[in-house]
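Heads up, the thing below is written out as structure tokens.
Quick caveat, the model's predicted, so the values are computed rather than measured. Within every chain, numbering begins at 1; the chains are lettered A, B, ... in the order of the sequence lines, protein sequences first and strands thereafter.
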Amino acid sequence: MSDITENEIPSNFIKDIIDEDLRIGRFNKVHTRFPPEPNGYLHIGHAKSICLNFGLAEEYGGKTNLRFDDTNPAKEDVEYVESIKEDVKWLGFDWEDRLYFASDYFNTLYDYAIKLIKKGKAYVDSSTYEIIKEERGVPSKPGVESKYRTRTTEENLELFTKMKNGEFDDGEHVLRAMIDMTSPNMNLRDPILYRIRHAEHHRTGNEWCIYPMYDWAHGQSDSIEGITHSICTLEFENHRPLYNWFIEELEIHHPRQIEFARWNLDYTVMSKRKLLKLVEDNYVTGWDDPRMPTISGYRRRGYTPESIRNFANSGGVAKREIIIEITRLENSIREDLNKKAMRVMAVLNPIKVELTNYPISQVEELDAVNNPEDESMGKRKVPFSRELYIDANDFQEIPHKKFHRLSPGKEVRLRYAYIIKCEEVIKDSEGNIEKLLCTYDIDTKSGSGKSDKKVKGTIHWVSAKHALNAEVRLYDRLFNVPNPDGDKAVDFIEHLNPDSLEVLTNSMVEPYLKNAKPGERFQFERLGYYCVDSKDSTDEKLVFNRTVTLRDSWAKIEKQNSR
RNA sequence: AGUCCCAUGGUGUAAUGGUAGCACCGCAGCUUUUGGAGCUGCUUGUCUAGGUUCGAAUCCUGGUGGGACUGCCA
């Protein structure tokens, strides 16, 4: 059992840096931000960043902003803005009144650009895309300076103003910082600050036709917001010298950028481009498909915010590439739901059982414990009668030697009820099992203490005439290899798990579930955790999603034996 | 190849010059009216070669291995 409580971040190198900054007085507070681009839904990797940024600020008594880095109108959309806000909230974090957009700063950013031009540190380049690319060179070889680099300040100012005023077409000119075309750091080879895009922005509409590049907008946005610690992923390490250059030339507040390694999960893909492809090409039903590694997918799948936070906070931060085992996430939700989820009985693949010595019209209301981990959750009544359903895989006609469940002539306990014995297997003309004829031992009623008979197995069941029909969606991993995008020669789509979803329409659940509400989570005893689907479940037809199975040592025995 | 970054069991992380610890996985056992949960035990690790030091996972140097950078994306 981990002694890391929720939201508490274990010691790590970022906290060491913050401690030092506070100690030497570089900053006297901690103010972080979570800066997504609204061009897709948040995924589990973002959850790590969210928990880190909000968690760190909380721990140091500071604040966290939510800021959308919306500098590319072509890819961004309000749908994504709304989904991101919902997901951050659902995870349990509050940006209060600090909801910002990089587009809020377009005017300031423009003024900053003018300042740079006036300092002789930025110029308008009228070269083509191809020329600029060619002149930039490659990392191991210096680039060459553009022939437009020597334009006068007046000329630059005039051209830039015209760019802003819409007097040019897309791509005709760009504004570039004047730094060093021979720098071994590509980001310092006169990076582009503004490009012309006659496109409608989701917030600024058609007010602008020049848009700042991310590199020009991001660091200054942090600065404008008074961010002290800009936590970002490793790929921006090489950008830090550039951000520092901007901040110093502009003489504005200087946040400290700290990079950490993004989280990858095995058996999943995380890039927004790939997730978008899964959605657009209908490999999944949407961004919130329960198989997606998105926050909304996990939410619909039945994950709790606590389980995701615990998962994120229990992992630490590093600077090397890491691939987390998905079993850790699965373990995290099991751990949470084990303590919280009400237990019920559900029979996924029913076979009928008739208790031949049970009175025909008798019904008993048996006591069932709602959660053995939490007595305060109480008990409920479960109806028991002559005709029952049990799960098909709890019966083996020719039992495996370690099989502790029902088979001909053998006894098994029905959970909360009686020990029964299988007397006869009734089959149809094709040899399929139609019904099991069993007898029950009246002295073995749960809690009665009349018999000290012991059996090795206990199985779940539902009363046939009381059970409710339900659809159950069994979700499994979306990919069947640990690293679906590991091989550049093979499309990740090839690695999709064809069995990632199995739909069962004839499942039977105990009557207690009649009033189960969308999103409500249960443990189906001996099977796993399931939640009521928030979109498709109705009063007439319950639909359950399997969140995760219980740990299954029987499956291991079976697997070992088949080898 | 140029610059930058990184390297602790299978995985993920601690140890901040002083006994390499924890969690997950795995294995064995106990317990159990969920083959769940819980409990106990076990296996497995400091990339490498030097140096500094009484003492190095930690500091220094070289090597090896991995990653990032060559969008008018973020």
By nearest atom, which of the nucleotides [options] is closest to the [X] side chain?
X: A:Asn338; options: B:G36, B:U8, B:G10; value: B:G36
X: A:Ile324; options: B:G36, B:G12, B:U33; value: B:G12
X: A:Thr327; options: B:U13, B:G35, B:C24; value: B:C24
X: A:Asn331; options: B:G35, B:A14, B:C25; value: B:C25
X: A:Arg551; options: B:U16, B:C25, B:U11; value: B:C25
X: A:Phe403; options: B:G26, B:U13, B:G35; value: B:G35

At under 4.0 Å, does any side-chain N or O of [X] touch on OP1 or OP2 of [N]?
X: A:Arg328; N: B:C25; result: no
X: A:Ser140; N: B:U3; result: no
X: A:Arg195; N: B:C73; result: yes
X: A:Ser314; N: B:G12; result: no
X: A:Arg273; N: B:C73; result: no

Just to be sure I understand the rule, does [X] reach a base, reach only the sugar-phosphate, or reach nothing, if contact means heavy atoms closer than 4.0 Å?
X: A:Gln523; value: base
X: A:Pro372; value: base
X: A:Ser446; value: base
X: A:Arg240; value: nothing
X: A:Gly315; value: sugar-phosphate
X: A:Arg197; value: base
X: A:Thr128; value: base
X: A:Asp215; value: nothing
X: A:Arg343; value: base
X: A:Glu373; value: base
X: A:Ser127; value: base
X: A:Ala318; value: sugar-phosphate
X: A:Ile459; value: nothing
X: A:Tyr416; value: base

Interatomic distance at [atom1], [N] relative to [M], whole Å:
N: B:G17; M: B:C22; atom1: C1'; value: 22 Å
N: B:A57; M: B:A49; atom1: P; value: 13 Å
N: B:A7; M: B:U40; atom1: C1'; value: 35 Å
N: B:G38; M: B:U61; atom1: P; value: 47 Å
N: B:U43; M: B:G36; atom1: C1'; value: 25 Å
N: B:U8; M: B:A23; atom1: C1'; value: 15 Å
N: B:C47; M: B:G12; atom1: P; value: 14 Å
N: B:U64; M: B:C25; atom1: P; value: 39 Å

Checklist entry - Is any side-chain N or O of A:Arg405 under 3.5 Å from a base N or O of B:G35, one able to act as donor and the other as acceptor? => result yes
Next on the checklist: Regarding B:U34, can its base be found pairing with the side chain of A:Arg526 as donor and acceptor, where the two atoms are less than 3.5 Å apart?
Outcome noted: no
For [Y], is there an ion pair with [X] - N to carboxylate O distance below 4.0 angstrom?
X: A:Arg189; Y: A:Asp180; value: no
X: A:Lys75; Y: A:Glu37; value: no
X: A:Glu373; Y: A:Lys340; value: no
X: A:Arg328; Y: A:Glu325; value: no
X: A:Asp125; Y: A:Arg151; value: no
X: A:Arg203; Y: A:Glu76; value: no
X: A:Asp552; Y: A:Lys556; value: no

Next on the checklist: Taking CD1 in A:Ile442 as the centre, count heavy atoms belonging to other residues, nucleotides or ligands within less than 6.0 Å. Is the count above 12?
Outcome noted: no
Expressed as a whole number of angstroms, how long is the span from [X]:[atom1] to [N]:[atom2]?
X: A:Asn393; N: B:G35; atom1: CG; atom2: C1'; value: 12 Å
X: A:Ile322; N: B:C24; atom1: CD1; atom2: P; value: 18 Å
X: A:Lys272; N: B:C73; atom1: NZ; atom2: P; value: 16 Å
X: A:Arg415; N: B:A37; atom1: CZ; atom2: P; value: 14 Å

Next on the checklist: Applying the side chain to side chain contact (heavy atoms under 4.5 Å, CB included) criterion to A:Ile18, which one of A:Leu22, A:Asp21, A:Asp16 satisfies it?
Outcome noted: A:Leu22
Checklist outcome for this item: Writing each nucleotide of RNA chain B 5' to 3' as (, ), [, ], | or . by Watson-Crick or G-U pairing under 3.5 Å yields .((((((..((((....[..)))).(((((.......)))))....(((((..]....))))))))))).....
Checklist entry - Closest heavy-atom contact between A:Met186 and A:Val138? => result SD-C, 3.7 Å
Checklist entry - What is the minimum heavy-atom distance between A:Met270 and A:Leu265, and which atoms define it? => result CE-N, 4.0 Å
Next on the checklist: Determine whether the aromatic ring of A:His404 stacks with the base of B:G35, defined as ring centroids separated by less than 5.5 Å and ring planes inclined by less than 30°.
Outcome noted: yes
Checklist entry - Syn or anti: how is B:G10 classified when any glycosidic angle within 90° of 0 counts as syn? => result anti
Checklist entry - Got a sec, which residues hit salt bridge (Lys or Arg N to Asp or Glu O under 4.0 Å) with A:Glu135, two or more places apart in sequence or on another chain? => result none
Item to check | Donor + acceptor pair across side chains of A:Glu525, A:Tyr416 (<3.5 Å) | outcome: yes
Item to check | Pi-cation contact, A:Tyr110 with A:Lys164 (under 6.0 Å, within 45°) | outcome: yes
Checklist outcome for this item: Contacts of A:Asp70 and A:Ala417 projected onto RNA chain B by closest heavy atom; the upstream (5') one is A:Ala417
Item to check | Along RNA chain B (nearest heavy atom to each residue), the more 5'-positioned of A:Pro35 and A:Asn12 | outcome: A:Asn12
Checklist outcome for this item: Letter by letter from the 5' end, nucleotides 63-71 of chain B scores (B base, S sugar-phosphate only, - none; protein heavy atoms under 4.0 Å) ----SBBBS
